[in-house]
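Note sheet for the following structure.
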Number of protein chains: 2
Amino acid sequence: MKQPLHTVRALADEIRMRAWKALEPGELCLCELIELLDRSPATVSKHLSLLRQAGLIEYRKEGRWHYYGRAKYAGASARMLGALDRMLDGDDAVRADKKHLNRIQRKSREELCQCYRKK
Amino acid sequence: MKQPLHTVRALADEIRMRAWKALEPGELCLCELIELLDRSPATVSKHLSLLRQAGLIEYRKEGRWHYYGRAKYAGASARMLGALDRMLDGDDAVRADKKHLNRIQRKSREELCQCYRKK
DNA sequence: ATAATACTTCGACAATTAACGAAGTAACGA
DNA sequence: TCGTTACTTCGTTAATTGTCGAAGTATTAT
């Protein structure tokens, strides 16, 4: 039961499912995900660490920035996750996130990460 | 986000994932699932009602017995659930359940459903 | 050095969920 | 009709999970 359950549980949360889907085209910096998901840095960080524990995403540090991206999947996992991607393509929230992410990525680094200075 | 999340959440529990997998070959009576999953009737019934709300299983009544079986899936859902089935095939707990279920199904109706008389 | 930035981890609290006994319902049997 | 059986729903309790502020860490800037 271990691995499939672990994988499914990791995706069984709105924030984590949206984050995972947002990483389909490529890696993102945490600050972009914070802005996209509209949660505190601590919360987003914790969700991503959960996805990481499940082996669904990886991350690399580049100076101060932490980039998260999908892991490589194989076998039945890959097929399951691929099918889930297709299920999510039609979803309203996912499409809203896509638009939102486009706007976010047009911003500069200075405009982003405002979340740390906001108060 | 609605449907895919609903589906994934329904499966994000050990008992429900085992129940769902146990229904792959065909429908089962609740008392068989109670014996298999080793939980109280109330607990098993509630888990199955959750799977039903997610559209993953259906049930029909035949006299006093309630038979649960998988729903028909289509499109990306079908592919996702099919891949999940393959992921689960290798799992130890799933294989133990298969053996256990074989033994359970050799029992008569009178031997089964002892769970209601046990105390 | 010192200060700021971009995060993560910790600790606390609130909300959600799993579990089951007890009470309720529907079907069958005497 | 009255009891029994097979189950569901309800109500409570315990455990888990989501959330975020505060404190901690690593990296860059001055």
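From a predicted model like this one, the values you see are computed outputs, not experimental measurements. Every chain is numbered from 1, with letters handed out A, B, ... down the list of sequences.
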Counting only side-chain N and O atoms of A/R64, is one of them less than 4.0 Å from OP1 or OP2 of D/dA26?
no
Of B/L37, B/L23, B/D13, which is the lone residue that meets side-chain contact (heavy atoms from CB on, under 4.5 Å) with B/R18?
B/L37
Could you tell me which residues satisfy ring-ring contact (aromatic ring centres under 6.0 Å, His included) with B/Y59, sequence neighbours excluded, listed by chain and number?
B/H66, B/Y68
Between protein and nucleic acid, restricted to nucleotides 14-17 of chain C and to nitrogen or oxygen atoms under 3.5 Å apart, what atom pairs and distances do you find?
| from | atom 1 | to | atom 2 | distance (Å) |
| --- | --- | --- | --- | --- |
| C/dT17 | OP1 | B/R9 | NH2 | 2.5 |

Quick note, B/H47 side chain, CB onward, closest among D/dT27, C/dA18, D/dC20 is C/dA18
A/L33 side, atom CG; A/E27 side, atom CD - distance, nearest 0.5 Å:
11.0 Å
The side chain of B/W65 lies closest to which of these nucleotides: D/dT19, C/dA18, D/dA6?
D/dA6
Every protein N/O within reach of nucleotides 8-14 of chain D N/O, cut-off under 3.5 Å:
| from | atom 1 | to | atom 2 | distance (Å) |
| --- | --- | --- | --- | --- |
| D/dT8 | OP1 | B/H66 | ND1 | 3.3 |
| D/dT8 | OP1 | B/Y68 | OH | 2.4 |
| D/dT8 | OP2 | B/S45 | OG | 2.4 |
| D/dT8 | O5' | B/S45 | OG | 3.2 |

Do the side chains of A/K21 and A/D97 get close enough for a salt bridge, i.e. N-O under 4.0 angstrom?
no
So, are A/E62 and A/R60 salt-bridged, with charged N and O less than 4.0 Å apart?
yes
Roughly, in whole Å, what's the span from NZ in A/K61 to P in D/dT25?
13 Å
Rounded distance (Å) that lies between atom C1' of D/dG18 and atom CG of B/L5:
14 Å
